[in-house]
Structures are given as C-alpha cells and as structure tokens.
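The sequence lines fix the lettering, A, B, ..., with proteins before strands; numbering per chain opens at 1.
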Amino acid sequence: MEHEQQHEQYQELVKQISPKTPHAKRLILAFVVGGLICALGEGIAQVCIAFGVSQQHKRIIVPCALIFLAAVLTAFGVFDKIGKHAGAGTSVPITGFANAIIAPAMEHYHEGLVLGVGANMFRLAGPVLAFGTAVCSLYGIIYFFFLR
Amino acid sequence: MAKRIARSVIEFSKAPAILGQAAVAGKIEAEGPLAGKFSEVFMDERLGQPTWEQAETALQAAAIMHAMAAANCSADDIDLHIGGDLINQCTATGFALRDENIPFAGVYAACASFALALALAANLIESGGMQHVSCCGSSHFCAAEKQFRYPLELGVQPTPTAQRTATAAGAIVLSSASDKPKPRITRAIFGNVIDMGVTDPSEMGAAMAPAAWDTLRRFFQDTNTQPSDYDLILTGDLSQIGTHLLHELARQQAGLDLALVHRDCGLMLYDLIAQDVGTGGSGLGCSAAVLCAEVLPRMLSGELKRVLFIGTGALLSAVSPLQGESIPAVAHGVLIEMT
C-alpha cells in the first residue's frame, strides 16, 4: 500500500514537471499539411480529367501517385523531417502508409531481402492491414444482413 | 586492499589510476558544447560501414584505440577489457575486439554500463589480480532508434519528453602502476534496481531519477559525506526532466540542495536551445564520452579534485513496455579523486 502511494506521488510529480504536448500547434500543422496533401491529390485528379482519363483509372492514379511520392521522399530521407512537424498530417493520408512500409524495409535491408526487407516491411503497416480487413469484413456482414 | 564500507560500497586504498582516456563522437555531438574535445569525430553517421550496428562497433574500436594511445600502452598490456553497449547481446562491444588479442568481459546495465565497468575494473586492479584494465561504453543514435523505437525514416512526432541517444563512445585505461598525479578511483557503489512505476519509454529521465537518488542517498549516508564535499556530482543521462526530479527528490527526502554541485552528462553534451535534441542526451555513449572528453581533462588540469560519477540505466527492452511492464532503473557509481 505504502509502495503504491509512493509510486502515485512520484508519477504525479513527473506529470507536473514534464512538458506538455503542444496539441494546438500539432493539430493546426496536421490540418494544414494533411489538407495540402489532399489538395495535391485533387490537383492530380484534375490533371487526369484534363487529359481525358476515365473516372475508374483516375481513382487508381491518384493514390498511386501519392504513394510513389511518399516512397521517394522516404528513400531520400526527407519524409521523416516533414513528418516530425506534420505528424498526423502526413501519417493519416495514404502517404503515411507508404512511409510505414518503406521505412522498415530500408532499415532492415542489410538483414537480407527475405528475412530483412520482406519480413519487416509490414511490421508497422501490418496492424493497419489486419484491422482494416477485420473492420471491412464486419461491415460486409452488417451490410449483407441489414442494409442490402 | 579493497575495503567494505557498507553494503555494496567499497573503498580502494591503492586507488587504481586512470592512465588514459578518450572519447569519440558523431557530427551533432561534435557540434555541441564539447566541440574540439573529442579524440576523433565522425561526420559520416555510418562511419563508412554498411550498417548502424557496425558503425557503433567502429565507434568503440576507435575509442579503445585512442584510450590505449593516451595511456601509452598496447593491446598486449591490457589484462582485461570490460565494456558494454545498448545493442542486443552487446555485439558492438564484442565485435570491436575481434581483431585484438584482449581478454574480454561484456557487462550490461543499460546506460549505467560504463560506470559499472569502471567499478568492476577498479575492484579487479585493487585485488592485485590485474594490472591494466580497459573500459569502454558506446551508443549510436541510429542503432538505438532501430532497436528501441521506430525505423529512422518513419515520419513520427517525438514526444515532448524524448531524449536523443548520443552517437559517442568513451574509453578508459585503468592501471595499478602510476606514481604520477592522476585521476584515481577511490570508492565505488553498486546500485539497487529501483522501479517507481514509470511506464512510458519516452520518459527515461523520470524512470532513472529515483535510482540515481537511491544510489546517491546511500553513498552520502554510508561514506558520511554530503553534496558539498564533492566538486562535482555527475549523473549519466537524466537530462532535463530527470535532473529536475533528482533535485526534487533530494530536497523532499533529505532536505539537500543538489543544484550547486550536480551536473548531468545529458545536458552537457548538447546545446538544448540551438540543437534539436529534445530534453537532452541519453545513451551509454553520452556519459562515457562526457566523462572522458570533458570531466577527466578538467580533473587533470586541477580544476576539479573530487568527482562522484553516477551512471544511470533504464533496464527496459524493446518488448517489455508492450507487455505492460514498468521501467526499472539502476545507478552505479565511482568516486574519482585527483591524487
């Protein structure tokens, strides 16, 4: 009991002393950068339309272009510097997904193509795929029985 | 002979001498307040090696080589090398010695490993069993990020409490044979494992401050001394938050003011305002490099006479916080006196 009380008191002290996360600043930056990425995606879509690309192809080209851009920026060591400030602004759009795959792939390159790159590239993106698939399946069941 | 003062507090009457020391560092460390004080600086983060792990090995090898040169001895003179690093299974340390013919003992107490190595080495020399023992500790920012946090290129935001793992190494050659005035290890203390229930791995300073205080408190009590008896009390890598907490613990529990004599290596290695290093430096290389590059030369110049060096280590692994474990910490110390 006395131990727990000491721990609680100490953790209270830690909380008082530790700097707080600058939420307002981070939210605004994430909003602005995330918005710019979306605007860029929309820009690419407009270019596609101008060149007479079909609606279906446009839906593939836009995410592919953003993924490619994020992958290149990751490979050249630029993405992490932007992400450090932009936070959710770069990690929530599809750019974050690309970054989460390329970064561990680069990190583990020297442990071999199979057990290094292959085994590690989905280390961070894997949970998104796993839970994304799970949620989609759940929604599919709900749709099938109630919304169809 | 070594004398037991109290439980795990030892006094060395022959006092092993620090024959030579050296510190090597990476680019950011070399641009900080200790610029120009390192034996060698590596502007290339990889040190010309293909992997971060090999880069840290090269860092260690360089520090050991420079320390032996400073001590004016060769690999054949070293009876034992005691060292550690933060990479799994201490590979940076072991690999650094594979081309040398030096008996090797790896130690691990996280970032307190260098202080632990010094305390063990002093015991071995004092016992008469060994003449020259070298010690080394290192850390590499990229190798540590890869092992403990995220891939380097991942665009994540650091928490406001985060510290920067130093890319640096420090090495010391301890000897029984020196009549010249040298910094000498006169006392050592081994620390308890202290856990105050801190669970966030980005709050290392907060996890380690209670361990540092426990070791300090016992040392003051058992040796019947107080902070003002020392020219400098040097902790390893508590950085901003941990330093604040240590001062607070000392004030609350013993009514002591540590602010006058205490400095932390994590705050000495970097310029927190000009450099993007969060709340300060951390890592095994941080305390090893600051001790070897800054503090020991200041002792040799006569500016400091009595330095109590306390290494602080957070004993977590990459998986332990995920399994819901809190972060225990340990602090080992040596008293270094100029005689």
Task: Exceeds 12 heavy-atom contacts within 6.0 angstrom, atom CD of A:Gln56 - done: no
Task: Under 4.5 Å from a heavy atom of chain A, the part of B:Gln240 involved - done: neither
Task: B:Val198 portion near chain A, given a 4.5 angstrom heavy-atom threshold - done: both
Task: Max heavy-atom pair count under 4.5 Å with chain A, selected residue of B:Leu154, B:Ile241, B:Val156 - done: B:Leu154
Task: Which of B:Leu245, B:Thr159, B:Leu249, B:Thr161 touches chain A most, by non-hydrogen pairs under 4.5 Å - done: B:Leu245
Open item on the list: Could you check whether any side-chain heavy atom of B:Arg164 comes within less than 4.5 Å of a side-chain heavy atom of B:Thr279, counting everything from C-beta outward?
Closed with: no
TODO: Indicate the atoms forming the closest heavy-atom contact of A:Lys20 with A:Gln16, along with that distance.
DONE: NZ-O, 4.1 Å
Open item on the list: How close do B:Glu203 and A:Ser18 get, counting heavy atoms only, and between which atoms?
Closed with: OE2-OG, 4.2 Å
Task: Choice from A:Leu124, A:Val78, A:Asn120, A:Thr90 maximising heavy atom contacts with chain B below 4.5 Å - done: A:Leu124
Open item on the list: If you count heavy-atom pairs within less than 4.5 Å of chain B, which of A:Leu73, A:Val14, A:Ile17, A:Ile102 leads?
Closed with: A:Ile17
Open item on the list: Within residues 253-262 of chain B, which residues come under 4.5 Å of chain A, heavy atom to heavy atom?
Closed with: none
Task: Test log, rule salt bridge (Lys or Arg N to Asp or Glu O under 4.0 Å), inputs A:Lys58 and A:Glu42 - done: CA-CA 10 Å; A:Lys58 189 190 78 182; A:Glu42 184 56 33; over 6 Å; no
Open item on the list: Donor-acceptor check, side chain of B:Asp264 to backbone of B:Leu234, threshold 3.5 angstrom: yes or no?
Closed with: no
- [ ] Give a yes or no on whether the backbone of B:Gly48 and the side-chain of B:Asp44 come within a donor-acceptor separation of less than 3.5 Å.
- [x] yes
Task: Intermediate values then yes/no, salt bridge (Lys or Arg N to Asp or Glu O under 4.0 Å), B:Asp276 and A:Lys84 - done: CA-CA 11 Å; B:Asp276 182 19; A:Lys84 199 174 173 182; 2.4 Å; yes
Task: Gap separating the CZ atom of B:Phe141 from the OG1 atom of B:Thr167, nearest 0.5 angstrom - done: 7.5 Å
TODO: Side chain from CB out, backbone as N, CA, C, O: work out which of these in A:Ile82 comes under 4.5 Å of a heavy atom of chain B, or both, or neither.
DONE: neither
Task: A:Ala75 portion near chain B, given a 4.5 angstrom heavy-atom threshold - done: neither
TODO: Examine A:Arg148 relative to A:Phe144 and say whether NZ or CZ is less than 6.0 Å from the centre of the six-membered ring and inside a 45° cone about the ring axis.
DONE: yes
